[in-house]
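Here is the structure we will look at, set down as C-alpha cells.
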2 protein chains.
Amino acid sequence: MTIGDVADRTGLPAKTIRYYEDIGLIRPARDPNGYRSFAETDVHKLAFLGRARALGFSVEDCRTLLALYEDETRNSADVKRVAEQHLARIEDKIAQLQSMRDTLTHLVRDCAGDSRPDCPILTDLAKG
Amino acid sequence: MTIGDVADRTGLPAKTIRYYEDIGLIRPARDPNGYRSFAETDVHKLAFLGRARALGFSVEDCRTLLALYEDETRNSADVKRVAEQHLARIEDKIAQLQSMRDTLTHLVRDCAGDSRPDCPILTDLAKG
DNA sequence: GATAGGGGTTCCAGTGACTGGAAGGTCAAG
DNA sequence: CTTGACCTTCCAGTCACTGGAACCCCTATC
C-alpha cells in the first residue's frame with residue numbers, strides 16, 4: 001500500500017504520515033523503488049494515532065499510548081494516568097477559554113458597533 | 001525607564017517586550033548607551049497588549065486593536081468585528097474541547113486503572 | 001585600578017505538530 | 001514519447017515566545 005492509499009484510508013494527510021515516520025511513530029517498509037510500503041499493522045497504528053490526536057493527546061502522549069497498546073503486559077493504570085493528566089489539562093484549558101469568553105461576551109454586547117469611535121472593548125483593554 | 005522596570009510594571013517578560021519591539025508593536029526610544037528607554041505611552045501600550053493577549057487575541061489582532069485604539073476616527077464597528085470573530089473562534093475551541101472532555105471522561109471512568117492490561121481507553125483508540 | 005554583580009544588548013536555535021513548496025524520480029495510460 | 005499523477009527528500013515557515021551564548025554598561029566594593 002502506498003502513502004496515498006493510507007492517507008485515504010486513515011484520513012491523515014500524507015505529509016503527516018511522513019512526519020510520523022520521521023519522528024519514529026511508525027516504520028513502514030520500503031519498496032525497491034523507494035516508495036513506502038504500508039502493511040495493515042501500519043494502517044492500524046496510524047488510525048490509532050489519528051484517534052488519539054483527535055482526542056487532543058500530544059504526539060508524545062500518543063507515543064506512550066502506542067507503546068502501551070503494543071505491550072501486552074501493560075498495567076491499565078499507566079494508560080489511565082496518561083488519560084487523566086490529559087483530561088486535567090483539557091479542563092484547565094476549557095476553564096481558561098470560558099473565562100475569556102465570558103469577558104468578551106460582555107464587552108461585545110456593550111459595544112455599539114457603529115460608526116462612532118467610543119468602544120467599551122478598547123476602554124477595557126486600555127484600563128484593565 | 002529600562003526594560004526591567006517595564007517588565008515589573010506590566011508583568012510581561014523582558015524577552016516578550018523585546019519581541020514586541022521586533023515585530024513592530026512598540027518603538028521605544030534608546031538611551032545613548034543603547035538601552036531601550038520606555039516612556040509612559042510605551043508602558044501603556046504594553047499593558048494594553050498584555051490584556052489583549054490575556055483575552056486570547058492573536059498578536060495580529062492585537063496590532064489591529066492597538067491601531068484602532070490610537071485612531072480617534074475609528075468606528076467601534078471595526079473593533080466589535082475583531083472581537084466577535086475572536087469570540088467565535090473561542091466558542092469553537094470550547095466546543096471542541098468539551099467534546100474531547102466528554103469522551104475522555106467516559107473512557108477514564110470505565111478504566112480500572114489497576115495492574116491488569118485490559119483497558120477501554122486503548123480499546124477505543126484501537127477501534128474508534 | 002581590579003573585580004564582582006546585576007543590569008542591559010544582539011543573535012541564533014528550539015518549541016509542537018505540522019504544512020507548503022521546490023526539485024526531482026517512478027509509473028501507467030494514451 | 002509525453003503527460004499527469006503519483007512518489008521521494010529537504011528546506012522553510014507557522015505562532016508567540018523562550019533559552020542561551022557572547023558580549024557591553026554601570027555601580028559598588030576592596
Side-chain angles (χ1 to χ4, degrees), chain A residues 1-38 42-43 45-46 48-66 82 85-86 89-90 93 96-97 100, chain B residues 1-38 42-43 45-46 48-66 82 85-86 89-90 93 96-97 100:
Chain A
M1 221 175 333
T2 66
I3 200 168
D5 301 328
V6 178
D8 288 348
R9 279 187 54 192
T10 60
L12 295 171
K15 278 270 186 190
T16 299
I17 297 173
R18 289 194 196 98
Y19 172 68
Y20 286 171
E21 179 184 13
D22 228 47
I23 62 172
L25 287 178
I26 52 167
R27 293 185 195 284
R30 294 283 177 147
D31 280 337
N33 60 10
Y35 286 19
R36 287 170 185 81
S37 174
F38 294 84
D42 295 315
V43 178
K45 278 193 204 180
L46 285 167
F48 182 102
L49 290 169
R51 281 186 289 262
R53 292 286 300 128
L55 283 180
F57 284 104
S58 72
V59 164
E60 282 318 301
D61 278 352
C62 288
R63 193 190 300 280
T64 304
L65 290 171
L66 199 51
V82 172
Q85 281 170 9
H86 178 47
R89 279 193 300 269
I90 284 182
K93 190 82 191 152
Q96 220 180 81
L97 288 172
M100 290 177 185
Chain B
M1 221 175 332
T2 66
I3 200 167
D5 301 328
V6 177
D8 288 348
R9 278 186 54 190
T10 60
L12 295 171
K15 279 270 187 189
T16 299
I17 297 173
R18 289 196 195 97
Y19 173 69
Y20 286 171
E21 180 185 12
D22 229 46
I23 62 172
L25 287 178
I26 51 167
R27 295 185 195 283
R30 294 284 176 147
D31 279 338
N33 60 10
Y35 286 19
R36 288 170 185 80
S37 175
F38 294 83
D42 296 314
V43 178
K45 277 193 205 181
L46 285 167
F48 182 102
L49 290 169
R51 281 186 288 263
R53 292 286 300 127
L55 283 180
F57 285 105
S58 73
V59 164
E60 282 319 301
D61 278 351
C62 288
R63 191 190 300 279
T64 304
L65 290 172
L66 199 51
V82 172
Q85 281 170 9
H86 178 48
R89 279 193 301 268
I90 284 183
K93 192 82 190 151
Q96 221 179 80
L97 288 172
M100 291 177 185

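Every chain is numbered from 1 and lettered A, B, ... according to where its sequence line falls, protein lines coming before strand lines.
In this structure, B:Asp22 places its CG atom 15 Å from P of D:dC15, rounding to the nearest Å. When rounded to the nearest whole Å, the span between CZ of A:Arg18 and P of D:dT8 equals 5 Å. Rounded to an integer number of Å, the gap from B:Ile26 CD1 to D:dC17 C1' is 14 Å. Protein atom CG of B:Leu49 is 17 Å distant from nucleotide atom P of D:dC15, rounded to whole Å.
Toward the 5' end of DNA chain D, the nearer of the two residues B:Tyr19 and B:Lys15, judged by each one's closest nucleotide, is B:Tyr19. Residue A:Pro13 is the one, among A:Pro13 and A:Tyr35, whose nearest nucleotide of DNA chain C lies closer to the 5' end (criterion: closest heavy atom).
When side chains are defined from C-beta on, A:Asp22 does not count as touching A:Arg18, because their heavy atoms never get closer than 4.5 Å. Contact check for B:Phe38 versus B:Asp5: no side-chain heavy atoms found under the 4.5 Å cut-off. Looking only at side-chain heavy atoms (C-beta outward), B:Asp42 and B:Val6 stay at 4.5 Å or farther from each other. In this structure, the side chains of B:Arg30 and B:Arg36 come closer than 4.5 Å at one or more pairs of heavy atoms.
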*Carefully, step by step, assess B:Ile3 and B:Glu21 under the rule side chain to side chain contact (heavy atoms under 4.5 Å, CB included).*
CA-CA 11 Å; B:Ile3 200 167; B:Glu21 180 185 12; over 6 Å; no
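Residues B:Asp61 and B:Thr64 bring no donor and acceptor atom of their side chains to less than 3.5 Å of each other.
Phosphate proximity of D:dT9 to A:Arg36: present, with a side-chain N or O under 4.0 Å from OP1 or OP2. Put simply, B:Thr16 has a side-chain N or O that comes within less than 4.0 Å of OP1 or OP2 on D:dT18.
B:Phe57 comes within contact range of no nucleotide atom at all, as no heavy-atom separation falls under 4.0 Å. B:Ile23 comes within 4.0 angstrom of nothing in the nucleic acid, heavy atoms only.
In the 5' to 3' direction, nucleotides of DNA chain C lying under 4.0 Å from heavy atoms of chain B begin and end at C:dG7 to C:dC11.
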